[in-house]
Amino acid sequence: MGIISRIKQFCFVTLRIKKYEFLSDCKRVSGKPKLFHPLLLKGNGKIRFGNNVQIGVVSSPYFFSGYTYIEARNVCSEINIGNNVAINNAFSIVCFSKVTIKDNVLIGGNCSIIDNDGHDLNTNKRNQENPNSFPVCIGENVFIGSNVSILKGVEIGDNSIIGNGSVVTKDIPKNVVAAGNPAKVIRNL
């Protein structure tokens with residue numbers, strides 16, 4: 001790597017990664033992912049990274065403009081990311097209860113996982129702090145395409161594929177391809 005490339009790497013990648021490490025406030029983090037992209041860890045809950053977790057992809061959209069956001073909001077919130085997980089740029093998790101990503105999962109760019117409604121759906125309770133929340137679990141060897149949203153209470157079965165742009169609102173069985181809004185099984189593997 002030449003001197004110009006090293007300067008670019010330091011200014012536009014290394015310093016951004018350090019900035020987001022400094023801004024992170026989650027104190028209950030275990031494991032250390034390999035960072036190619038800035039990662040912001042927020043909240044009072046637990047965040048656990050397995051072995052060989054990669055955050056960010058150099059030759060992919062949002063590399064210079066985005067960051068990965070992982071929040072375990074409450075003391076009882078828990079995020080578990082398994083071994084050999086590769087997460088593309090501009091990924092986010094907002095967890096009020098529990099989010100589990102098992103081993104050997106690939107996640108495309110600009111994806112989000114949220115285990116809650118964000119705000120209560122009842123108009124009289126909309127400003128309360130703890131909306132409904134149900135755990136999310138992504139099985140082993142799952143491939144999630146880009147621009148996918150996975151919502152509360154969803155379980156995605158082992159070896160399944162979620163197509164680009166899908167919104168996953170219900171469980172997806174193992175060994176299938178699912179796509180659409182809302183995501184539906186379109187074929188078996």
Practice task
Answer yes or no: does atom NZ of K174 have more than 12 heavy-atom neighbours from other residues, nucleotides or ligands under 6.0 Å?
Solution key: no
Handout entry: V168 and I162, any side-chain heavy atoms less than 4.5 Å apart
Key = yes
Exercise for the section: Please round to the nearest 0.5 Å and tell me the distance separating atom OG of S133 and atom CZ of R73. Expected result: 10.5 Å
Practice task
Rounded to the nearest 0.5 Å, what's the gap from CG on D171 to CD1 on I156? Could you check?
Solution key: 9.0 Å
Handout entry: Distance in Å, L39 CG paired with R16 CZ, rounded so as to fall on 0.5 Å steps
Key = 12.0 Å
Practice task
Give every residue pair that meets the ring pair (Phe, Tyr, Trp, His ring centres under 6.0 Å) criterion with at least one member in residues 148-176, sequence neighbours excluded.
Solution key: none
Fill in the blank from the handout: Rounded to the nearest 0.5 Å, the CG atom of N181 sits from the OG atom of S166 at a distance of 8.0 Å
Completion exercise
Rounded to the nearest 0.5 Å, the CD1 atom of I55 sits from the OG1 atom of T68 at a distance of 5.5 Å
Fill in the blank from the handout: Residue pairs passing the ring pair (Phe, Tyr, Trp, His ring centres under 6.0 Å) test with at least one member in residues 19-40, sequence neighbours excluded, are Y20-Y67
Exercise for the section: Please step through salt bridge (Lys or Arg N to Asp or Glu O under 4.0 Å) for the pair D115 and K98, ending with a clear verdict. Expected result: CA-CA 7 Å; D115 73 349; K98 186 172 187 178; over 6 Å; no
Practice task
Answer with yes or no whether the side chains of N110 and N147 bring together a donor and an acceptor at under 3.5 Å.
Solution key: yes
Practice task
Kindly write out the residues that satisfy side chain to side chain contact (heavy atoms under 4.5 Å, CB included) with N44, not counting sequence neighbours, or none if the list is empty.
Solution key: V75
Completion exercise
Interatomic distance, CG@N188 vs CG@N175, rounded to 0.5 Å, equals 8.0 Å
Handout entry: Non-hydrogen side-chain atoms of P182 and V167 separated by less than 4.5 Å
Key = no
Practice task
Establish, from distance only, whether the side-chain atoms of N52 and Q54 form a donor-acceptor pair under 3.5 Å.
Solution key: no
Exercise for the section: Check which hydrophobic residues are tied to I7 through side-chain heavy-atom contacts below 4.5 Å, counting indirect links as well, and list them. Expected result: I3, I4
Practice task
Provide the full list of ring pair (Phe, Tyr, Trp, His ring centres under 6.0 Å) pairs with a residue in residues 158-189, sequence neighbours left out, each pair given once.
Solution key: none
Practice task
Assess whether atom NZ of K46 is packed by more than 12 heavy atoms of other residues, nucleotides or ligands within 6.0 Å.
Solution key: no
Practice task
Could you tell me which residues satisfy ring-ring contact (aromatic ring centres under 6.0 Å, His included) with F63, sequence neighbours excluded, listed by chain and number?
Solution key: none
Handout entry: Pairwise side-chain contact, S30 with F49, heavy-atom cut-off 4.5 Å (strictly under)
Key = no
